[in-house]
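Take a look at the structure below.
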Amino acid sequence: MWLRSCCVWGTGLICILLLIAGIAMVVSQVFLKLLNNRIKEQVVLENGTEAFSVWQNPPPPVYMQFYFFNLTNPEEVLNGDKPSVIEIGPYTYREYRPKEDVKFMDNGTRVQAVNPKTYVFEPDMSRGSEDDLVRTVNIPAVTVMEKFKDSIFSRPISDLMKSLSVGVFKTFRVGDLLWGYEDPLLKKLKVFDPLLDIYFGLFYKKNGTDDGDYVFFTGKKNYQDFARIDEWNGQSSLNWWSSDECNMINGTDGASFHPIITKTEKLYIFSSDLCRSIYALYESDVSVQGVPGFRFVPPSEVFANLTINPDNAGFCVPAGNCLGSGLLNASVCKEGAPIIMSSPHFYQADDKFVQDVFGMNPKKEEHETVIDINPLTGLLLRGAKRVQVNVYLHQIPAFSETGKIRTLVFPVMYLNESVVIDEESAKKLQVVVTEANVIVNIPFIVISVGILLGVIFIVLVCRQQVPESTVDERQPLISS
Ligand SMILES: *[C@@H]1O[C@H](CO)[C@@H](O)[C@H](O)[C@H]1NC(C)=O
Ligand SMILES: *[C@@H]1O[C@H](CO)[C@@H](O)[C@H](O)[C@H]1NC(C)=O
Ligand SMILES: *[C@@H]1O[C@H](CO)[C@@H](O)[C@H](O)[C@H]1NC(C)=O
Ligand SMILES: *[C@@H]1O[C@H](CO)[C@@H](O)[C@H](O)[C@H]1NC(C)=O
Ligand SMILES: *[C@@H]1O[C@H](CO)[C@@H](O)[C@H](O)[C@H]1NC(C)=O
Ligand SMILES: *[C@@H]1O[C@H](CO)[C@@H](O)[C@H](O)[C@H]1NC(C)=O
Ligand SMILES: *[C@@H]1O[C@H](CO)[C@@H](O)[C@H](O)[C@H]1NC(C)=O
Ligand SMILES: *[C@@H]1O[C@H](CO)[C@@H](O)[C@H](O)[C@H]1NC(C)=O
């Protein structure tokens with residue numbers, strides 16, 4: 001009898017202790033702190049650590065894919081018709097971006113490096129070759145026309161263009177348009193401007209070159225600063241966490257964002273392609289190679305016109321000169337070339353720009369920029385940066401080459417620079433995530449066991465109390 005009642009009250013006591021312990025663990029967040037500490041130990045750049053080798057040579061392959069818009073009706077466009085284009089590509093390049101000339105500084109709290117990028121053509125992932133032909137805007141010619149449209153030199157330059165049969169449109173070899181070719185018009189104009197570079201290419205001089213010295217924090221002082229950029233070419237970089245030619249994210253490319261990302265986080269992406277920084281917000285839960293992640297995408301307000309987002313006034317250049325939703329004048333970043341950046345196929349831009357060109361077909365899944373991050377570790381699971389290069393075309397009276405062309409934003413090319421976590425890293429990450437889930441849930445398991453014991457306790461007590469009188473009657477029987 002005593003044994004039984006002892007069991008019952010013992011159960012009650014353990015139940016209360018478990019509940020107290022569980023609640024205390026939840027309140028003090030002891031396991032969360034433990035987990036944070038483990039992550040902190042791992043996110044530091046030190047010679048010989050895994051984080052360092054991953055940072056120095058990010059294992060997941062990065063691909064740069066180019067798509068061009070091949071113009072089918074140049075004569076009609078010069079007569080005032082709508083352009084009609086056919087998308088060609090992708091022309092895919094594997095992008096290698098190791099950190100080189102690595103030097104630790106300040107007792108290992110900061111590290112200096114350069115980050116050259118090399119592009120190697122991947123025929124198996126491409127449709128077509130670098131020798132394909134594409135007919136599009138002759139960007140050097142249009143730039144020259146824009147520069148001299150109000151100058152006394154417009155006449156001789158126009159004559160020069162006629163003698164070279166240079167017009168608004170030109171057929172290029174894909175490889176030349178990307179990586180550079182000697183431009184006949186620029187070559188002739190060099191006589192007047194000895195500093196002029198006679199080569200032109202959308203990615204001219206980008207292969208194998210680095211964009212200057214970076215100084216990163218190693219995370220030794222503060223793990224949240226892990227791999228964050230402190231300086232770029234001697235300039236302090238405030239909130240830039242990572243670099244990628246024209247493109248800085250305050251998280252890193254393949255290495256790491258700071259751990260424990262929440263759904264309310266605003267991720268800043270600085271892009272000198274876009275001459276501005278944009279941000280991305282949480283959109284949905286995703287799973288990449290079995291690893292859970294949060295998807296962040298730039299919300300449409302980022303690209304909206306002034307009526308919808310007055311904050312975008314600063315991006316109308318020159319001041320007051322707004323192009324409409326989804327477009328950005330990148331002329332100042334591109335040495336005066338009339339370049340306008342947008343999302344591919346004018347996704348999230350004013351419908352007017354889509355309607356102005358036959359062949360545009362914006363699709364969310366294909367044309368938006370996405371960043372998928374594992375929230376616990378802050379690791380990048382998948383990323384795709386998608387940007388389109390357009391040229392602003394209009395009639396220029398001084399240059400009869402422009403004919404009766406409509407005023408329009410002409411799409412030339414778009415790119416998709418993407419990365420997906422490699423299988424091996426994904427497997428490692430999965431182990432970490434599973435472990436973390438167990439650790440974080442320990443307090444709740446303890447509480448659950450407490451509640452279960454509580455239920456058992458109540459049942460036992462009730463069963464003991466109902467037959468109380470019979471127990472009393474039996475007592476003498478037992479003692480006798
Ligand atoms: C890292 O250590 C190796 C071997 O000890 C050494 O050769 C290398 O220079 C070190 N790297 C840096 C960046 O200090
Ligand atoms: C590096 O560490 C040494 C010894 O701990 C200290 O005297 C020195 O001030 C530190 N230097 C920097 C730049 O932190
Ligand atoms: C870039 O440079 C690398 C190495 O120098 C070379 O193998 C590759 O073919 C180049 N890529 C292009 C697109 O020229
Ligand atoms: C692009 O158009 C030009 C002119 O019509 C044509 O010669 C070329 O083959 C086209 N390019 C591709 C890749 O289809
Ligand atoms: C990025 O920078 C913004 C602005 O300073 C900050 O609010 C945000 O928390 C940062 N995000 C990450 C992932 O570091
Ligand atoms: C801004 O965009 C909205 C929706 O696309 C449109 O209704 C409005 O007319 C635009 N405002 C201007 C000034 O273009
Ligand atoms: C783009 O900006 C440049 C320089 O700021 C300016 O000269 C040009 O007119 C702008 N283009 C358009 C289409 O607004
Ligand atoms: C890049 O984006 C394009 C569409 O924008 C898509 O067709 C292509 O599959 C993407 N590439 C990768 C490697 O995800």
Side-chain angles (χ1 to χ4, degrees), residues 44-53 55-57 60-77 83-95 98-114 122 124-138 169-178 214-216 218 220 286 288-289 295 297 342-348 359-372 380-389 411-422:
V44 59
L45 298 174
E46 255 166 1
N47 199 356
T49 65
E50 194 176 341
F52 177 73
S53 67
W55 170 83
Q56 196 175 19
N57 253 315
V62 179
Y63 293 103
M64 177 69 101
Q65 297 181 295
F66 298 99
Y67 297 80
F68 292 89
F69 294 108
N70 205 4
L71 178 65
T72 61
N73 59 345
E75 285 82 22
E76 288 84 347
V77 174
S84 167
V85 299
I86 294 171
E87 182 183 301
I88 58 171
Y91 299 92
T92 304
Y93 294 82
R94 170 87 191 261
E95 204 177 305
K99 307 278 188 312
E100 288 177 358
D101 303 338
V102 178
K103 280 185 220 87
F104 284 97
M105 308 156 60
D106 310 337
N107 291 344
T109 59
R110 297 197 303 162
V111 59
Q112 189 182 36
V114 294
E122 289 275 345
D124 293 348
M125 289 179 70
S126 304
R127 199 185 301 150
S129 81
E130 289 177 301
D131 292 325
D132 281 1
L133 298 178
V134 56
R135 182 159 50 196
T136 186
V137 175
N138 185 342
F169 300 109
K170 177 180 163 84
T171 302
F172 297 88
R173 199 186 142 260
V174 164
D176 289 352
L177 182 55
L178 281 174
Y214 286 92
V215 177
F216 301 85
T218 56
K220 203 171 173 182
V286 291
V288 182
Q289 309 252 39
R295 166 158 294 185
V297 301
S342 70
S343 295
H345 287 250
F346 299 110
Y347 170 68
Q348 279 182 334
M360 293 294 102
N361 188 9
K363 288 195 190 113
K364 177 177 166 65
E365 320 75 56
E366 282 182 39
H367 302 136
E368 73 180 346
T369 288
V370 299
I371 306 168
D372 295 343
L380 184 68
L381 300 175
R382 175 166 49 203
K385 182 181 96 178
R386 289 157 173 161
V387 182
Q388 180 166 296
V389 176
V412 173
M413 171 275 268
Y414 74 89
L415 60 84
N416 175 14
E417 191 181 32
S418 60
V419 62
V420 179
I421 189 170
D422 54 295

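When a ligand or atom number is given, it counts from 1 through the structure's own listing order. Index from 1, following the sequence. Atom set for the values below is all heavy atoms of this structure, side chains included, hydrogens, waters and symmetry mates excluded. Because the structure is a prediction, the values reported are computed rather than measured.
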Do ligand 1 and Lys103 have nitrogen or oxygen atoms that lie under 3.5 Å from each other? no
Atoms of ligand 1 under 4.0 Å from any heavy atom of Asn47, numbered from 1 in the order shown, are 1 (C), 2 (O), 3 (C), 8 (C), 10 (C), 11 (N), 12 (C), 14 (O)
For Glu87, the salt bridge (Lys or Arg N to Asp or Glu O under 4.0 Å) test, sequence neighbours excluded, returns none
message = Using a 3.5 Å distance criterion without hydrogens, assess whether the side chain of Gln289 forms a donor-acceptor pair with backbone atoms of Ile421.
response = yes
TODO: Please determine if Leu71 has a nitrogen or oxygen closer than 3.5 Å to a nitrogen or oxygen of ligand 4.
DONE: no
For ligand 4, find out whether one of its N or O atoms is nearer than 3.5 Å to an N or O atom of Tyr91.
-> no
N/O pairs closer than 3.5 Å, ligand 8 and protein:
unit_1, atom_1, unit_2, atom_2, d
ligand 8, 2 (O), Arg386, NE, 3.3
ligand 8, 2 (O), Arg386, NH2, 3.3
ligand 8, 2 (O), Asn416, ND2, 2.1
ligand 8, 5 (O), Glu366, O, 2.5
ligand 8, 7 (O), Tyr67, OH, 3.2
ligand 8, 11 (N), Gln65, OE1, 2.5
ligand 8, 11 (N), Asn416, ND2, 2.9

Beyond-backbone contact of Val102 with Trp55, side-chain heavy atoms, under 4.5 angstrom
yes
For Leu133, the atoms of ligand 4 under 4.0 Å from one of its heavy atoms are 1 (C), 8 (C), 10 (C), 11 (N), 12 (C), 13 (C)
In short, Phe52 meets Glu46 closest at the heavy-atom pair CB-O, 3.1 Å
> Where the side chain of Arg386 meets the backbone of Glu368, is there a donor-acceptor pair that is under 3.5 Å apart?
Replying inline: yes
Contacts satisfying side chain to side chain donor-acceptor pair (under 3.5 Å) that involve residues 64-73 (not counting sequence neighbours) are Gln65-Thr92, Thr72-Ser84
In terms of relative ring orientation, are His345 and Tyr414 parallel, tilted or perpendicular, with 30° and 60° separating the classes? perpendicular
| message | I'd like to know if the side chain of Thr171 reaches the main chain of Val134, judged simply by a donor and an acceptor atom lying under 3.5 Å from each other, with no hydrogens or angles considered. | response | no
Ligand 4 atoms nearer than 4.0 angstrom to some heavy atom of Ile88 are 13 (C)
Atoms of ligand 1 under 4.0 Å from any heavy atom of Val102, numbered from 1 in the order shown, are 13 (C)
Residues at least two apart in sequence or cross-chain that pass side-chain contact (heavy atoms from CB on, under 4.5 Å) with Asn57, listed by chain then number, are Pro98
